[in-house]
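I have placed the structure first, in the form of structure tokens, so that the comments after it can refer back to it.
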Amino acid sequence: MITHLRGTVVVDDEQEVGEAWVVGDRLTLERPAGVPDVVLQGWVLPGLVDVHCHVGLAADGPVDDATAEAQALADRDAGVLLVRDAGSPADTRWVDGRPDLPRLLRAGRHLALPKRYLRHYGRELADPSQLPQAVRQEAARGDGWVKVVADWIDRGLGADGDLRPLWPADVLAAAVAAAHEAGARVTAHTFSHEALDGLLDAGVDCLEHATGATPEHIERIAAAGVPVTATLLQVGQFEAIAAQGEARYPRFAARMRAMHARRYDHVRDLHDAGVRVLVGTDAGGTIGHGRIADEAAEMARAGIPVRDVVAAASWRTRAWLGVPGVAEGASADVVVYATDPRTDVAALVTPRAVVLRGVRVR
């Protein structure tokens, strides 16, 4: 089976070519012998990447395999052919054996403390000192990533309940070191500003949300080269979360409202400071799967140039994760559009064709 990709084939920021071919399940930039069976024309991008996605998770916790399959298919049909799992209580290793589903880089379960995260989501450790060992275990179960919950509301404070860090600084540093020794990277959920210095001191590899980052934190994040996943669809729900908790936790509600109000400025400030801002939908909890185009549109609305948004949703993040895009001999995972998404982010909504492992799946 030979598929001819024709039009504008985007390789990376600097290179694009007029055509490429799919032979079997592989890409080639050299014309093969034989007549193509299929011609796909348009703007061809390496398969999209959702770096904050929870296949196997729903609002109430883990889901069955059939539901997880539907989640993965929704992501795939939206053009997402590579998912970095951001924590799931379900065992989704079976996804690796399904050639019709996106590639999945799993992070295992969220690591948290009792009553300091969403029920049925995370692995709750009895004592903070257990974090380094738990990180080693999750690193062994995953695909090079571990997810740590760095802060959450402390309900034990009553009306003063607010976002608070979960881990002592020395424990967090030991946990990140343990992950690195095991060949894994650590990403951390964080809403507050209080948790950020400890995470950066520990050498964390990525930050999820980072909504509490002050200008000084943004400078530190940029200097350290730590990426941030913006998750604007999730942060867009902060007003509703605040309203839900305001009667019992007024301090927490006020903070969530403030972060909601400045969400676009926050993401633009990260980008302007030189931080790598990643595209992640946070699908799988209260957000539906297959919404990568909506998240990208929110990032563009925040003021990140569309070309940078699309690059972050495709080839740049593939390179950061170590997964090839359009390259000689790479897996044929591409998305074709009728118009150029780099000039109109709305083009991401309607892929003309989705090719996964050489097979057109949409």
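Taken together through direct or relayed side-chain contacts under 4.5 Å among Ile, Leu, Val, Met, Phe, Trp and Tyr, Leu118 and Val146 form part of one hydrophobic cluster. In the hydrophobic clustering of this structure, Val226 groups with Ile304; members are Ile, Leu, Val, Met, Phe, Trp, Tyr whose side-chain heavy atoms approach within less than 4.5 Å, directly or through other members. Val361 and Val49 sit in two unconnected hydrophobic clusters of ILVMFWY residues. Membership requires side-chain heavy atoms under 4.5 Å apart, directly or through other members. Note on Val148 and Leu200: same hydrophobic cluster, where clusters join Ile, Leu, Val, Met, Phe, Trp and Tyr whose side-chain heavy atoms are under 4.5 Å apart, directly or indirectly. Under the 4.5 Å side-chain contact rule for hydrophobic residues, Phe252 and Leu196 share a cluster.
At least one donor-acceptor pair under 3.5 Å links the side chain of Arg318 to the backbone N or O of Pro324. Put simply, the side chain of Arg352 gets close to the backbone of Gln41: a donor and an acceptor are under 3.5 Å apart. Here the side chain of Arg262 pairs a donor or acceptor atom with the backbone of Thr211 at under 3.5 angstrom. Although no hydrogens or angles enter the test, the distance criterion places no donor-acceptor pair under 3.5 Å between the side chain of Thr229 and the main chain of Thr231. Side-chain atoms of Arg342 do not come within 3.5 Å of backbone N or O of Arg307 as any donor-acceptor pair. Of the possible polar contacts, one joining the Arg109 side chain to the Gly122 backbone as a donor-acceptor pair under 3.5 Å is found. Under the 3.5 Å distance criterion, the side-chain polar atoms of Arg116 are matched with a main-chain donor or acceptor of Arg164. For the pair Thr317 (side chain) and Ala312 (backbone), a donor-acceptor distance under 3.5 Å is present. In this structure, Asp151 contributes its side chain and Ser192 its backbone to a donor-acceptor pair below 3.5 Å. Judged by distance alone, with hydrogens and angles left aside, the side-chain atoms of Asp205 form no donor-acceptor pair with the main-chain N or O of Thr187 at under 3.5 Å.
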Go through the steps to decide whether Asp91 and Arg141 satisfy the test salt bridge (charged side-chain N to carboxylate O under 4.0 Å, His left out), and finish with yes or no. CA-CA 10 Å; Asp91 181 0; Arg141 294 169 183 155; over 6 Å; no
Pair Asp201, Arg220 - check salt bridge (charged side-chain N to carboxylate O under 4.0 Å, His left out), show working. CA-CA 10 Å; Asp201 290 344; Arg220 280 202 69 187; 2.9 Å; yes
Please determine whether side chain to side chain contact (heavy atoms under 4.5 Å, CB included) holds for the pair Gln130 and Gln137, giving the CA-CA distance in whole Å, both sets of side-chain angles, and the decisive distance to 0.1 Å. CA-CA 11 Å; Gln130 297 174 347; Gln137 293 166 347; over 6 Å; no
So Val326 and Val9, side chain to side chain contact (heavy atoms under 4.5 Å, CB included) or not? Walk me through it. CA-CA 8 Å; Val326 172; Val9 181; 4.0 Å; yes
Chi angles and distances behind the side-chain hydrogen bond (donor to acceptor under 3.5 Å, both in side chains) call for His260, Arg263: CA-CA 5 Å; His260 177 269; Arg263 65 193 186 280; 3.3 Å; yes
Take Arg316 and Asp308 through the test side chain to side chain contact (heavy atoms under 4.5 Å, CB included) and record every step on the way to the result. CA-CA 9 Å; Arg316 286 185 194 167; Asp308 287 330; 2.9 Å; yes
In sequence, state the C-alpha distance, the side-chain angles, and the governing distance for Glu19 and Arg31, and then conclude on salt bridge (charged side-chain N to carboxylate O under 4.0 Å, His left out). CA-CA 9 Å; Glu19 54 190 350; Arg31 185 183 298 273; 3.3 Å; yes
Applying side chain to side chain contact (heavy atoms under 4.5 Å, CB included), run through Met1 and Val38 and close with a yes or a no. CA-CA 8 Å; Met1 180 74 178; Val38 177; 3.3 Å; yes
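Within the 4.5 Å cutoff, no side-chain heavy atoms of Asp25 are placed close to those of Ser331. By the 4.5 Å heavy-atom criterion applied to side chains, Val149 and Leu166 are counted as neighbours. In this structure, the side chains of Leu232 and Met299 come closer than 4.5 Å at one or more pairs of heavy atoms. Val11 is not listed as a side-chain neighbour of Trp315, based on a closest heavy-atom distance of 4.5 Å or more. Within the 4.5 Å cutoff, the side chain of Ile287 has heavy atoms near those of the Gln237 side chain. Contact annotation: the side chain of Asp77 never approaches that of Val354 to less than 4.5 Å [non-hydrogen atoms, C-beta and beyond]. Leu73 has its side chain within reach of Glu69: a pair of non-hydrogen atoms, C-beta onward, lies under 4.5 Å apart. Considering only heavy atoms from C-beta on, Glu16 stays 4.5 Å or farther from Trp43 through its side chain.
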Under 3.5 Å, sequence neighbours excluded: what are the donor-acceptor pairs made by side chains of residues 79-87?
residue : atom : partner : partner atom : Å
Arg84   : NE   : Val51   : O            : 2.8
Arg84   : NH2  : Val51   : O            : 2.8
Arg84   : NH2  : Glu208  : OE1          : 3.3
Arg84   : NH2  : Glu208  : OE2          : 2.6
Asp85   : OD1  : Gly87   : N            : 3.2
Asp85   : OD2  : Gly87   : N            : 3.4
Asp85   : OD2  : Ala107  : N            : 2.7

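Annotation: Asp65, atom CG; neighbour count of heavy atoms from other residues, nucleotides and ligands within 6.0 Å is above 12. In this structure, Glu328 places its CD atom where more than 12 heavy-atom neighbours from other residues, nucleotides or ligands lie under 6.0 Å away.
Taken to the nearest 0.5 Å, the CG atom of Leu270 stands 11.0 Å off from the CG atom of Asp265. The distance from the OG1 atom of Thr3 to the CG atom of Leu40 is 6.0 Å, given to the nearest 0.5 Å. Here CG of Leu48 is found 11.0 Å from CG of Asp333. Values are rounded to the nearest 0.5 Å. The CZ atom of Arg103 sits 13.0 Å away from the CG atom of Leu321 when rounded to the nearest 0.5 Å.
Taking the charged nitrogens against the carboxylate oxygens, Arg93 and Asp96 have no contact shorter than 4.0 Å, which rules out a salt bridge. Ion pairing between a basic and an acidic side chain is recognised when a charged N comes within 4.0 Å of a carboxylate O; Glu246 and Arg257 show such pairing. Salt-bridge annotation for Asp282 and Arg291: absent, with no side-chain N of the basic residue lying under 4.0 Å from a carboxylate O of the acidic one.
Checked options Trp167, Tyr121, Trp152; the residue passing with His189 is Trp152 (criterion: ring-ring contact (aromatic ring centres under 6.0 Å, His included)).
Counting only N and O atoms by type, the side chains of Asp50 and His289 include no donor and acceptor under 3.5 Å apart. Side-chain contact of Glu30 with Thr28: a donor-acceptor pair under 3.5 Å is absent, judged by distance alone.
Nearest heavy-atom pair across Ala332 and Val22 is CB-CG1, 3.6 Å. Heavy atoms only, all atoms of each residue included: Pro227 and Leu278 are closest at CB-CD1, 3.7 Å. The two residues Val345 and Ala300 have their closest heavy-atom pair at CG1-CB, 4.3 Å. Heavy-atom minimum distance, Val135 versus Leu111: CG2-CD1, 3.7 Å. Closest non-hydrogen pair, Asp100 versus Arg357, comes out as N-NH1, 4.4 Å. When all heavy atoms are compared, the tightest approach of His209 to His266 is O-NE2, 3.7 Å.
Here His4 pairs with Trp21 under the ring-ring contact (aromatic ring centres under 6.0 Å, His included) rule; sequence neighbours left out.
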